[in-house]
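The structure appears below as structure tokens.
Treat the numbers as computed from the prediction; the structure is a model and nothing was measured. Throughout, protein chains are lettered first and strands after them, A, B, ... in sequence-line order, and every chain is numbered starting at 1.
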Amino acid sequence: MATHSPAHAPAGPGGHVHHEDPRPVSYWWRRAFVGVIFGVLGSFLLVFLLRALFGMTPLWDGGVMAGVAGLLGGIGFLWGIGCFDTWLSWARGNPLTEDHSFHGVSNWKQYFRINTDHKVIGIQYLAMTLFFMVCGGIMALLIRTELAAPGQQIADGQTYNGLLSMHATLMIFVFAVPVFGGIANYVLPIMIGAKDMAFPRLNALSFWFLPVAGFMFLAAAFVGWFGAAWTAYPPLASQGLEGQTLFELGVQFAGASSIATAINFLATLITMRAPGMTIWRMPILAWATGVTSVLAVFATPFIAGSQFLTMFDRLMGTNFFVPDQGGDVIMYQLIFWFYSHPAVYIMLLPGFGIISEVIATFARKPLFGYRAMAFSLVAIAVLGFGVWAHHMFVSGMAAWLRVPMMVTTIIIAVPTGVKMWSWLATLWRGKIHMKPPMLWALGFLFTFLIGGLSGVFNGIVPADIHVSDTYFVTAHLHYVLYGGTVYTVFAGIYYWFPKATGRMLNERLSQWHFWLTFIGTQITFMPMHWQGLQGMPRRVADYDPRFELVNSIETVGSYMLGIATIIFFYNVYWSLKHGDRASWNPWRGRTLEWMVSSPPPLFNFDVIPQVVGGPYQYGIKDARHAVVFAPEEFGGELTEDTRYPVLVIANEALSSQTLVDEIRSRNADGLWSFEILVPLGDSDRVIAERRLATTLAALSEYGVSATGRVAEGDVVAVGGAEGKARQPHEIVVATLPLNSSAWMRQDAVDRIRKASGNVPTTHFIVNGDDARAIGAASSLPLTMIVATEAVGAEALAAAVMARSDAQPGRFSIVCPLDLPQPRWGVESSEIRRDAGERMTATVNALVSSGVQVQGEVMDDGPAAALPLAIDALKPAQIVIAGVNGEARALAEAAAAAAGDIPVDTVNLGAHAGS
Amino acid sequence: MATTAGQAPVASHGQETHGKKHGLNAELIAMLLFIGSELMLFASLFTAYFFIRYGVANETWPPLKKDGEPFELPVLLTGINTAILVGSSFTLWWGEKCLKAGDRQGLIRGLWITILMGGTFLLIQLNEYAHLGFTPQDRAFSGAFYTLTGFHGAHVAVGLIVLSMCLRRAYKNDFTATNHTPLAAGSYYWHFVDIVWVLLFLLVYVI
């Protein structure tokens with residue numbers, strides 16, 4: 001857990017006590033009910049009076065009344081639920097109160113009342129849009145059931161049109177477009193270091209528009225559906241079923257929600273970024289939300305316009321789309337698609353942002369091409385305004401518009417390709433953590449790629465003319481929206497669920513959800529490409545019997561998707577009750593939302609953070625994104641002390657300086673604790689323990705927190721079992737180079753990765769000289785052993801081992817030789833060679849026993865040699881290892897040279913000499 | 001407290017701790033974006049108008065009513081009306097200028113004149129509707145005409161409500177020379193409504 005848990009009691013940031021509005025949830029819903037009743041009755045009265053005033057016949061026009069009633073009833077609901085209270089109070093001349101009494105929730109029921117807290121609104125948004133996703137999904141399953149076999153199964157043609165219109169309308173207007181408003185509402189203010197959105201009350205209003213819109217669509221099922229699909233082309237829409245009015249009104253409410261949220265996001269992004277959060281330090285999700293918001297602000301009015309016009313044609317008898325009265329139906333399509341093509345990017349770009357966050361975090365690499373990622377978002381948005389007529393190649397619009405629109409459509413593949421390659425380049429050589437959010441991100445890459453490529457295909461005029469209004473288009477749009485919206489939304493939900501709820505989702509259920517969805521997507525939509533190319537028309541309840549087999553397979557696939565969704569909701573329910581507690585930063589993310597508690601405190605930050613660097617500096621030593629300060633009573637900077645384990649598995653390579661340095665550099669992240677495992681295999685336990693002790697002592701000298709133990713079993717068994725049990729952040733397997741390591745011949749690294757359940761496993765190579773050199777623990781004290789006769793004797797080796805075991809350190813054996821003159825003579829050479837051989841034997845014996853030791857034979861007597869040796873080695877201690885008589889002479893020489901270095905003497909006994 | 005009574009009805013959070021000074025605060029940025037959105041709404045309606053206009057231009061312009069007579073729009077009267085509405089933008093600007101010089105009475109005078117001129121515009125427009133001699137149902141052109149002018153009229157009405165609220169605030173002495181965001185936002189909106197009318201007048205009445 002974190003060092004500091006932000007608490008808001010007793011005083012909030014404004015110095016006032018936070019209190020909740022005392023009125024219960026039921027109060028607001030009673031008021032909403034009254035508001036709807038008044039709105040509906042009032043609109044009946046209004047229409048009646050106006051019609052009477054202007055002498056219109058008939059006085060009671062059901063269609064007009066339904067339209068006005070929908071509008072005023074919706075507004076009445078919004079008033080009743082409390083969206084306008086503060087503004088109306090201000091308009092009456094009262095001073096504004098800003099006591100935050102509509103901020104935060106203390107129990108789950110309060111999610112059902114108006115709230116101005118961006119985190120609560122985010123969850124309300126997500127829950128509402130997921131609810132509509134389920135409704136739309138049920139429609140989809142009904143559609144697939146109807147299409148499971150040729151002929152009529154469960155729905156006649158009119159109902160089928162209603163089902164498919166409702167499915168698309170719910171999925172697009174109240175799921176795909178607003179769902180990112182939910183995710184961004186939750187994380188965006190935290191990501192940019194703000195305490196809330198710029199306009200919390202407007203934010204609440206934006207949310208409450210949604211249920212009005214969604215339930216208006218759903219209500220259409222009870223007054224006679226709307227059957228003109230989500231595109232609502234006239235003349236079908238302007239003459240069609242009774243529910244069409246509710247569709248037109250619902251779109252207005254959903255659009256108002258979209259515009260209001262977008263304005264709010266932009267104002268927040270422009271004015272409320274934390275100090276230091278320059279636009280080039282914003283997470284890509286912030287970029288994506290900003291760009292999407294620009295699209296929403298400037299494109300959404302076009303669909304509002306188009307729906308106003310169809311509504312006037314339906315209810316007021318205008319002739320916008322009546323050709324013999326000078327109207328023009330193509331005009332509707334142009335206005336509609338001028339919104340609805342940019343709307344595709346409204347449904348995709350925030351998803352791209354989420355994927356960028358997820359891929360960088362789970363590949364542990366800086367996002368490749370950060371600026372290109374940002375610019376490509378802008379490019380997609382700008383180009384997105386110039387491609388709308390590619391939906392209309394066969395509509396009979398001006399023919400000269402086709403080729404320019406084809407060209408712009410294909411050009412859009414360029415910035416999209418930039419993004420695709422950047423994600424792949426981010427993955428390349430990353431340490432990929434196959435956690436659920438990453439699974440969704442990879443599923444997105446696969447699925448969206450197919451949708452994107454078939455989009456290019458669709459953009460080419462002749463190809464499009466062939467596949468227009470066939471299942472090829474259905475396949476394309478579902479690949480795009482399943483990949484680009486559903487997968488990215490789930491990636492976002494799995495990524496931020498621990499942050500929002502403080503609980504981890506169940507891993508097994510998450511895996512089931514992903515794989516069922518992924519396979520279900522491919523089974524359901526892949527064969528549609530073929531069907532479309534074969535000419536099966538879309539939006540028709542019946543089909544040629546030759547398509548029966550693929551259709552029934554697709555129906556099975558769609559049921560898989562349904563089951564997967566049930567698993568998801570069960571997972572959420574189960575994890576909220578029983579899930580593991582989430583730490584502040586379970587994924588080791590770098591952006592600001594991971595620097596606050598899970599769930600975050602009421603106002604996110606007690607003190608606005610200072611941003612000091614980019615958001616994706618994974619694996620870069622000492623890089624920081626932001627400094628988050630704790631309140632004064634806690635003092636100083638907010639830090640985390642939850643340290644995820646990194647398992648280091650090594651034996652022969654263990655006590656080398658390169659490995660110690662590697663661990664030190666990882667430790668500089670400040671995020672990990674290290675656990676060293678020494679698999680014994682068939683090597684000697686004592687030796688392994690000695691190596692481990694030396695390494696641990698060296699690491700501790702450097703201030704690295706590490707534990708370690710010697711484990712029975714071979715490297716794969718130990719690494720796999722511990723990796724599975726501990727689920728460390730990473731496993732580092734350190735070995736000698738391939739040709740001298742026994743482990744590597746057995747694919748140890750890959751097998752450990754598999755056995756541990758895909759924990760990222762890194763192979764770290766230590767060369768043999770490093771493994772043997774005593775530099776290994778250069779932070780440890782060096783003991784200089786002075787020996788002449790004893791060199792080569794087992795007793796000397798035993799004595800050094802005993803000292804090493806007592807206190808791990810480095811040892812250097814110095815052998816000063818009192819050579820006879822001339823030193824180049826035969827006798828001297830003999831002595832030198834003999835001493836050298838004995839020294840090699842001792843050092844080898846010690847090194848292979850895990851002691852950090854080196855040896856040197858010196859060409860001078862103790863009196864001359866020792867000062868030089870002490871000067872060069874700077875020992876912390878000198879030990880005289882003498883054999884009988886010579887010990888005294890050595891000790892005297894050493895004492896003379898040692899200065900204040902302690903000198904110790906061990907007598908190895910008479911028989912130790914060689 | 002982040003906000004005082006004089007500030008916009010939608011107040012922002014936590015900005016006091018940012019210590020940043022922007023020429024445009026969040027409220028005015030939001031109003032500008034909203035105006036951008038509104039402009040696009042009118043753009044969609046103008047698109048409809050031009051499609052209808054050029055769809056029938058093969059025959060005659062102005063198009064013929066159901067009774068065979070061409071549509072006629074009172075250009076002179078509407079021109080005078082246009083001058084009134086454009087003039088109201090200047091009176092509002094003058095009122096704001098008075099406030100910035102510390103003259104609250106000047107602001108109140110400016111707002112009163114602006115609101116009266118805006119109201120006059122609406123009344124003349126309604127009067128024009130009553131005497132045009134065709135209805136929205138006549139042909140596609142008349143639908144486009146009533147939709148455009150009707151949407152604009154509704155925006156003028158909203159602008160008048162906003163300015164009336166500002167007037168009330170001005171009487172309560174809530175605006176100061178440096179702190180008058182709601183007034184500034186309202187005046188942006190009013191200028192936008194005027195500009196749209198000038199466009200509408202030129203594109204629908206004149207050409």
Side-chain angles (χ1 to χ4, degrees), chain A residues 13-14 16 86-87 90-91 93-96 98 194-202 259 262-264 266-268 270-275 297-306 308-309 312-313 316-323 325-328 330-332 334-335 338-339 603 607-608, chain B residues 1-5 7-20 22 24-27 29-31 33-34 36-45 47-48 50-56 59 63 66 135-144 146-147 151 161 165 168-169 172 174:
Chain A
H16 51 259
T86 315
W87 297 328
W90 183 83
N94 300 323
L96 264 190
E98 185 154 357
K195 293 190 172 190
D196 206 307
M197 297 277 278
F199 307 111
R201 284 183 275 267
L202 183 65
I259 293 173
I263 289 176
N264 212 339
L266 284 172
T268 308
I270 293 170
T271 62
M272 292 182 67
R273 282 173 284 129
V297 166
F298 292 101
T300 313
F302 265 69
I303 197 169
S306 71
F308 278 129
L309 300 186
F312 292 161
D313 263 18
M316 282 168 50
T318 55
N319 300 306
F320 286 103
F321 308 118
V322 184
Q325 296 297 324
D328 187 349
I330 302 291
M331 173 260 283
Y332 173 87
L334 286 162
I335 295 178
F338 192 80
Y339 162 74
F603 293 95
V607 179
I608 294 296
Chain B
M1 278 284 173
T3 41
T4 59
Q7 283 185 329
V10 279
S12 54
H13 273 248
Q15 290 198 86
E16 72 278 12
T17 51
H18 289 223
K20 281 189 194 167
H22 291 279
L24 280 176
N25 57 24
E27 286 79 4
I29 288 172
M31 179 48 89
L33 288 167
F34 178 65
S37 188
E38 292 271 48
L39 266 178
M40 293 303 278
L41 176 64
F42 278 100
S44 74
L45 299 178
T47 308
F50 277 110
F51 266 89
I52 288 163
R53 173 159 179 172
Y54 287 99
V56 297
E59 307 154 25
K66 275 193 175 138
T135 65
Q137 290 82 8
D138 203 314
R139 274 178 65 99
F141 169 80
S142 66
Y146 275 103
T147 305
F151 266 80
I161 293 171
M165 283 160 72
R168 179 178 177 144
R169 290 277 152 187
K172 291 184 65 155
D174 280 348

Worksheet item: Under the side chain to side chain donor-acceptor pair (under 3.5 Å) test, which residues partner A:Y332, sequence neighbours left out?
Response: A:Q307
Practice prompt. Kindly write out the residues that satisfy side chain to side chain donor-acceptor pair (under 3.5 Å) with B:S44, not counting sequence neighbours, or none if the list is empty.
Written response: none
Item to complete: Give a yes or no answer on whether the side chain of A:D196 reaches the backbone of A:F603 with a donor-acceptor pair at less than 3.5 Å.
Response: no
Response to the item:
Ranking A:D313, A:L334, A:V297, A:L309 by heavy-atom pairs under 4.5 Å to chain B gives rank one to A:V297
Practice prompt. Measure A:F298 against the heavy atoms of chain B and call it side chain, backbone, both or neither at under 4.5 Å.
Written response: both
Response to the item:
If you tally heavy-atom pairs under 4.5 Å between each of B:G36, B:A140, B:A30 and chain A, the highest tally belongs to B:A140
Fill in: Part of A:I335 within contact of chain B (heavy atom distance under 4.5 Å)
side chain
Discussion item. Any heavy-atom pair between the side chains of A:T300 and B:S37 that's under 4.5 Å?
Written reply: no
Worksheet item: Parallel, tilted or perpendicular: which describes the rings of A:F320 and A:F312, with under 30° parallel and over 60° perpendicular?
Response: tilted
Practice prompt. With a 4.5 angstrom heavy-atom cut-off, could you sort out which part of A:Y339 is near chain B: side chain, backbone, both or neither?
Written response: neither
Item to complete: Under 4.5 Å heavy-atom distance to chain A, tell me which part of B:Y146 shows up: side chain, backbone, both or neither.
Response: neither
